[in-house]
A.B. asks: 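First, the structure itself, so that you have it in front of you.
Below, read A as the first sequence line, B as the second, and so on, with proteins coming before strands; counting in each chain starts at 1.
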Number of protein chains: 2
Amino acid sequence: MSSTAKALTLLSHFSATQPEIGLSQLCRIAGRDKATTYRHLQALESAGFVEQNPATKHYRLGPAMMQLAQVREATVPRKDGAKPALTALADATGETAHVTVLSGQTLYALCECEAPHHGIRAVVDLNTFPLHATASGLCVLAFGPATLFDVAIASLEEFTENTPTTEADLTALVDTVRSTGFGRANQSYEAEIQGLSAPVYDHSSQLAGAVAVACVAARFTPDLEQAIKSELVIAARDITRNWGGVIPAQIEAAWADALSYPNAVERTS
Amino acid sequence: MSSTAKALTLLSHFSATQPEIGLSQLCRIAGRDKATTYRHLQALESAGFVEQNPATKHYRLGPAMMQLAQVREATVPRKDGAKPALTALADATGETAHVTVLSGQTLYALCECEAPHHGIRAVVDLNTFPLHATASGLCVLAFGPATLFDVAIASLEEFTENTPTTEADLTALVDTVRSTGFGRANQSYEAEIQGLSAPVYDHSSQLAGAVAVACVAARFTPDLEQAIKSELVIAARDITRNWGGVIPAQIEAAWADALSYPNAVERTS
DNA sequence: TGATATGGTTCATATATTGAACCGATGTTG
DNA sequence: CAACATCGGTTCAATATATGAACCATATCA
């Protein structure tokens with residue numbers, strides 16, 4: 001590990017809950033020598049990556065972050081940050097994958113990717129996603145602003161015989177999503193289509209949207225469901241990372257539980 | 001200079017106008033060896049500070065910037081406090097407005113706002129602002145720590161034929177800023193760009209940075225200068241207020257004098 | 001007053017960084 | 001199409017640079 005990489009990992013110890021850290025404290029957290037840590041902080045400070053609170057001498061993230069984040073945002077718009085993960089997801093699952101973004105009270109399609117594996121495949125052709133009947137919508141209801149639930153029950157349009165049409169039905173579905181970390185729509189929007197989704201987050205620490213897989217129901221087996229879920233987790237982490245967000249710990253925990261990998265954080269890059 | 005500092009300065013070469021840079025190109029820009037630059041980029045990539053465009057192999061700023069900027073903003077919420085005033089300033093003047101923050105001996109760009117009024121407008125695309133050649137820099141020299149003046153005269157790079165290149169020239173400019181309360185850069189950094197700035201303060205009662213307007217020189221008239229100055233005062237007061245600071249009485253007095261509104265404190269919201 | 005924190009500094013040691021030269025691939029050009 | 005240029009990436013000997021135990025100066029507290 002290069003000394004540069006070591007210096008940079010120091011930055012990862014700053015967070016909203018612990019925004020300012022003293023030298024000795026940071027040494028303990030990072031498990032590194034004090035002189036070394038001090039020099040690393042000096043280097044970071046010279047580049048504006050950290051600065052010292054003049055009053056306490058504690059260190060905090062510096063102003064250069066703001067400038068660089070602006071350039072990053074101008075360089076990689078949101079859609080581009082989702083596309084690679086989406087194609088990987090479609091390829092790995094062999095099913096159609098798509099990403100939705102929540103804007104206000106509406107869930108919009110951002111982009112979509114069809115896997116070429118099968119002659120029969122789901123085609124996602126929506127501008128806006130009904131909250132109560134799609135996997136992405138349920139995901140947003142479960143993890144997004146609470147006010148959305150009222151919006152959803154105000155228009156419980158019945159698309160298929162599986163569409164939830166009562167508040168009780170919808171509450172039950174959303175509760176399941178909350179406990180598993182995955183949105184699931186069993187032919188509730190279109191017959192013969194099974195949807196599975198996972199939430200994605202952005203820099204605001206709020207839910208930003210969902211990533212989902214639409215699967216032809218005839219192919220849907222417990223094995224495929226497990227496979228899709230584990231790929232969804234990878235895609236959701238990737239997109240969230242590109243959008244500057246973090247997956248809430250409780251959702252990571254729910255995923256780990258649902259996938260029966262009690263301690264799974266096997267891919268963080 | 002530590003290798004970490006060298007690696008970090010690579011990041012400053014990325015900008016909105018040049019968001020992606022190839023290895024060889026970056027070596028030329030940074031004036032460093034290719035192997036070294038490559039390893040530095042590897043270290044930066046491992047921390048998510050840069051990433052490679054898979055298609056072109058060119059490097060660009062990475063997703064980690066977004067997360068860190070989020071934490072920084074949560075720690076020192078400056079950008080949110082500056083943005084409304086900045087858009088109002090850009091809108092009222094019809095020119096490009098920006099805010100800079102002083103950290104240590106370096107003046108960083110915090111955010112920028114372009115007015116849509118004109119087809120031709122200034123584009124601020126800087127990571128750090130030279131102290132001697134920009135309106136914001138002169139403002140900081142005039143009202144910030146005295147030690148900055150030594151830093152400034154240590155590197156009097158000549159950007160245009162109007163750039164001050166002697167200590168005497170710079171002293172004269174800074175004295176003018178002190179007596180008027182406004183930083184002014186008449187095409188001293190870029191030809192055809194007139195800069196005007198005002199200091200902003202934070203809770204520490206120290207100078208925190210500057211708010212500035214970059215104006216296309218061809219449009220610059222005495223009337224516009226007066227208009228920009230009075231808008232700058234409004235913006236500087238607003239930002240200072242949001243950052244928990246107070247404008248020193250002597251600067252308020254200088255402003256009132258310069259604007260020929262002897263008792264002007266007519267808008268403080 | 002002594003014990004224990006803190007942020008910051010020193011210096012011999014040796015480890016990690018450096019850059020000229022090199023490689024294979026791709027693209028240009030007369 | 002062969003010669004040339006440029007690209008991203010790699011190698012290895014030379015050495016510049018990072019390292020950490022011990023050490024300050026200062027502040028806090030019992």
A.B. asks: Rounding to a whole Å, what distance do you find between A:Leu23:CG and C:dT9:C1'?
C.D. replies: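 It works out to 12 Å between those atoms.
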A.B. asks: Side-chain contact test, heavy atoms from C-beta onward, threshold under 4.5 Å: evaluate it for B:Phe14 versus A:Thr75 and give yes or no.
C.D. replies: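 When only atoms from C-beta onward are counted, A:Thr75 and B:Phe14 do not touch, as no gap falls below 4.5 Å.
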A.B. asks: I want to confirm an ordering. Mapping A:Lys57 and A:Ser2 to their closest nucleotides on DNA chain C, which one lands closer to the 5' end?
C.D. replies: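 The 5'-side residue here is A:Lys57.
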A.B. asks: Mapping A:Thr4 and A:Thr56 onto DNA chain C by nearest heavy atom, which one lands closer to the 5' end?
C.D. replies: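 Here A:Thr56 is the residue nearer the 5' end.
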A.B. asks: Rounded to whole angstrom units, what separation is found between the CD atom of A:Glu45 and the C1' atom of C:dG7?
C.D. replies: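 Spelled out: CD on A:Glu45 to C1' on C:dG7 is 13 Å.
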A.B. asks: Using whole Å, report how far CD1 of A:Ile21 lies from P of C:dT6.
C.D. replies: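 Spelled out: CD1 on A:Ile21 to P on C:dT6 is 14 Å.
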A.B. asks: Counting side-chain heavy atoms from C-beta on, which of C:dT6, C:dG19, D:dG20 comes nearest to A:Ser24?
C.D. replies: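 Taking heavy atoms from C-beta onward, the closest nucleotide is C:dT6.
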A.B. asks: Can you see if the side chain of A:Tyr38 gets near the phosphate of C:dG7 - specifically, an N or O under 4.0 Å from OP1 or OP2?
C.D. replies: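 Negative; the distance criterion is not met.
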A.B. asks: Are A:Asp238 and A:Arg241 ion-paired here, with the side-chain N under 4.0 Å from a carboxylate O?
C.D. replies: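 Not counted as a salt bridge, because no side-chain N and carboxylate O are separated by less than 4.0 Å.
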A.B. asks: Does OP1 or OP2 of C:dT18 have a side-chain N or O of B:His40 closer than 4.0 Å?
C.D. replies: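 So the side chain of B:His40 is within the cut-off, an N or O lying under 4.0 Å from OP1 or OP2 of C:dT18.
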A.B. asks: Output the rounded distance in Å from CG (B:Asp33) to C1' (D:dG8).
C.D. replies: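 One finds 14 Å between C1' of D:dG8 and CG of B:Asp33, rounded.
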A.B. asks: Base, sugar-phosphate alone, or nothing: which one does A:Gln52 contact when heavy atoms must sit under 4.0 Å apart?
C.D. replies: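 If one applies the 4.0 Å heavy-atom cut-off, A:Gln52 turns out to touch the sugar-phosphate alone, with no base involved.
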A.B. asks: What is the distance, rounded to the nearest whole Å, between atom CG of B:Leu41 and atom P of C:dT18?
C.D. replies: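 Rounded to whole Å, this separation is 12 Å.
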A.B. asks: Are B:His132 and B:Phe159 near enough that their ring centres are under 6.0 Å apart?
C.D. replies: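 Distance test on ring centres: under 6.0 Å, yes.
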A.B. asks: Side-chain N or O of A:Thr36 versus OP1/OP2 of D:dA18: is the shortest distance under 4.0 Å?
C.D. replies: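 No, A:Thr36 has no side-chain N/O under 4.0 Å of OP1/OP2 on D:dA18.
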A.B. asks: Measure the distance from CG on A:Leu8 to P on D:dA18 and round it to the nearest whole Å.
C.D. replies: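 Checked: the CG to P distance equals 14 Å.
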A.B. asks: For B:Asn53 and D:dG8, what is the distance between atoms CG and C1' respectively, to the nearest whole Å?
C.D. replies: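 In whole Å, D:dG8 C1' lies 14 Å from B:Asn53 CG.
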A.B. asks: Between B:Arg39 and D:dG8, is there a side-chain N or O to OP1/OP2 distance below 4.0 Å?
C.D. replies: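 Answer is no, no contact under 4.0 Å.
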A.B. asks: Output the rounded distance in Å from CD (A:Gln25) to P (C:dG7).
C.D. replies: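 A:Gln25 atom CD is separated from C:dG7 atom P by 8 Å.
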A.B. asks: Between A:Lys34 and D:dT19, does any side-chain N or O lie under 4.0 Å from OP1 or OP2?
C.D. replies: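 No, because none of the side-chain N or O atoms of A:Lys34 sits under 4.0 Å from OP1 or OP2 of D:dT19.
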A.B. asks: Nearest of C:dT18, C:dG19, D:dG8 to any side-chain atom of B:Lys6?
C.D. replies: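 Closest nucleotide to the B:Lys6 side chain: C:dT18.
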A.B. asks: Please pick, from D:dT11, D:dT19, C:dT10, the nucleotide with the shortest atom-to-atom distance to any side-chain atom of A:Ser3.
C.D. replies: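 Comparing D:dT11, D:dT19, C:dT10 against the side chain of A:Ser3, the answer is D:dT19.
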A.B. asks: What do the steps show when you test A:Asp80 against A:Lys83 for salt bridge (Lys or Arg N to Asp or Glu O under 4.0 Å), and what is the final call?
C.D. replies: CA-CA 5 Å; A:Asp80 296 344; A:Lys83 202 136 199 179; over 6 Å; no
A.B. asks: Is the shortest side-chain heavy-atom distance between B:Gln25 and B:Gln18 below 4.5 Å?
C.D. replies: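 With C-beta onward as the side chain, the pair touches.
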A.B. asks: For A:Arg32, answer base if it contacts any base atom (sugar-phosphate contacts may also be present), sugar-phosphate if it contacts only those atoms, and nothing otherwise; contact means non-hydrogen atoms under 4.0 Å.
C.D. replies: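 No contact.
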